[in-house]
Every structure is written in structure tokens, then in C-alpha cells.
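To start, the structure itself, in C-alpha cells.
None of the values given here were measured: they were computed from a predicted structure.
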Amino acid sequence: MTQDLTLKVEEGLTDGLDEIDGRLVAFNRERSDWNSRYFTVELRDAAGAIRGGAGARNNLGVIEVSVLWLDEDLRGTGWGRNIVEAIAKEGRRLKASRILLDTYDFQARSFYEALGFHVFGTLDYPTGNSRYYLVRDL
């Protein structure tokens with residue numbers, strides 16, 4: 001082991017994390033068709049305020065949704081479905097084969113299942129919560 005190295009935990013997101021991520025992406029690109037393309041779906045009101053939306057990327061031919069939100073007063077009105085369908089439409093345009101996302105037991109599993117997603121994995125946390133990994137073919 002090299003003696004002049006230091007190992008330290010840093011609080012929060014750092015420039016070091018950006019560099020580490022960049023190195024991993026470069027490694028991945030050398031070994032695969034790593035062609036990630038990020039996109040955002042935004043739902044805004046007449047004043048331009050964000051009311052909901054999603055962040056996703058096309059990664060290796062699969063749309064990976066990292067975040068999806070809808071203001072509480074808009075839930076049950078069809079806007080959540082519209083956001084997911086906008087993701088699916090963009091996924092098809094990008095020639096992706098599936099949408100991948102995850103949700104916790106206190107979030108929106110039944111919503112996603114009603115839109116054709118199915119659970120393919122579950123992670124149970126020591127807190128008593130569960131995280132569900134879901135997929136839907138495009």
C-alpha cells in the first residue's frame with residue numbers, strides 16, 4: 001500500500017465526486033456503447049412555476065428515471081400519467097426498450113403498477129421500509 005495517500009470522507013457533493021464520476025464514465029465508454037443522454041420533463045403552471053416533472057436518461061438503451069414529482073394537489077388528475085407517458089414517448093424516440101425506476105413503500109408503487117410497470121426487485125431497509133425496482137417495456 002502506498003504510504004503517501006490519504007483517505008477521507010467529505011460531507012456533501014464535491015468536485016472530487018465530479019472527477020470520480022467522470023473517470024468512471026470514461027472507463028464505461030471504453031468498454032460499452034455508453035451513450036447516456038439526459039432529459040427533463042417539466043410541468044409548469046401559467047406563471048412558469050414547476051408543478052411536477054421528471055429527470056431521466058437514456059443509458060444503454062434503457063430509460064432510467066432518477067426523479068419524478070407531482071405537487072400534491074395535482075395527484076389523481078392525470079398529470080402523473082402524462083409525465084410518465086412523456087418519458088415513454090421520449091424513450092421510444094430515442095429507441096430505448098424499457099423504462100427503469102424505483103420507489104419506496106411510502107411513495108407511488110401502485111401508481112406505477114397501474115401504468116404497466118412491474119416490480120423485479122425489492123430492497124428491505126433496517127428502518128422497516130422497502131424500495132421497489134420497477135420496469136416497463138416500451
Same apolar cluster (I L V M F W Y, side chains within < 4.5 Å links), F120/I99: no
Between CD1 on residue I83 and CD on residue E42, distance to nearest 0.5 Å: 10.5 Å
Beyond-backbone contact of Y133 with L123, side-chain heavy atoms, under 4.5 angstrom: yes
Heavy-atom side-chain contact between N82 and L43 under 4.5 Å: no
Check: G55 main-chain N/O paired with S66 side-chain donor or acceptor under 3.5 Å: yes
L94 side chain near F39 side chain, heavy-atom distance below 4.5 Å: yes
CZ/R31: more than 12 non-hydrogen atoms of other groups inside 6.0 Å: yes
Under the salt bridge (charged side-chain N to carboxylate O under 4.0 Å, His left out) test, residues paired with D137 that sit two or more places apart: R98
Interatomic spacing from CG in N129 to OG1 in T127 - rounded to 0.5 Å: 3.5 Å
Heavy-atom side-chain contact between V25 and D21 under 4.5 Å: yes
Which atom of R109 lies closest to which atom of Y132, heavy atoms considered: NH1-CE2, 3.3 Å
Same cluster (ILVMFWY, side-chain, under 4.5 Å), F117 and V119: yes
V41 vs E90 side-chain heavy atoms within contact, under 4.5 Å: no
Closest non-hydrogen atom pair, D105 against G128: OD2-O, 3.9 Å
Validation row: T14, L17 side chains within 4.5 angstrom (heavy atoms): yes
For K95, all residues meeting side chain to side chain donor-acceptor pair (under 3.5 Å), sequence neighbours excluded: none
Test item: N58 side-chain N/O and R37 main-chain N/O as donor-acceptor pair under 3.5 Å: no
From E85 atom CD to L115 atom CG, the distance as rounded to the nearest 0.5 Å: 6.5 Å
D124 versus S130, closest heavy-atom pair with distance: OD1-OG, 2.5 Å
Same cluster (ILVMFWY, side-chain, under 4.5 Å), L138 and Y112: yes
Polar side-chain atom of D45 near backbone of A47 as donor-acceptor pair, under 3.5 Å: yes
Aromatic ring pairing Y104/Y125, orientation class (parallel under 30°, perpendicular over 60°, tilted between): tilted
Heavy-atom closest contact (R57 atom, S36 atom, distance): NH1-OG, 3.5 Å
Atom pair CG/CG of L13 and D18 - distance to nearest 0.5 Å: 8.0 Å
Any donor-acceptor pair under 3.5 Å from R75 side chain to L70 backbone: yes
Test: R44 cationic atom under 6.0 Å from W79 six-membered ring centre, within 45° of axis: no
Check: I87 and L68 side chains under 4.5 Å, non-hydrogen atoms: yes
Distance in Å, F111 CZ paired with T103 OG1, rounded so as to fall on 0.5 Å steps: 10.0 Å
Side chain proximity check, L101 to R136, heavy atoms < 4.5 angstrom: no
Residues in salt bridge (charged side-chain N to carboxylate O under 4.0 Å, His left out) contact with R131, at least two apart in sequence or another chain: D102
R93 CZ to I63 CD1 distance, which is reported to the nearest 0.5 Å: 9.5 Å
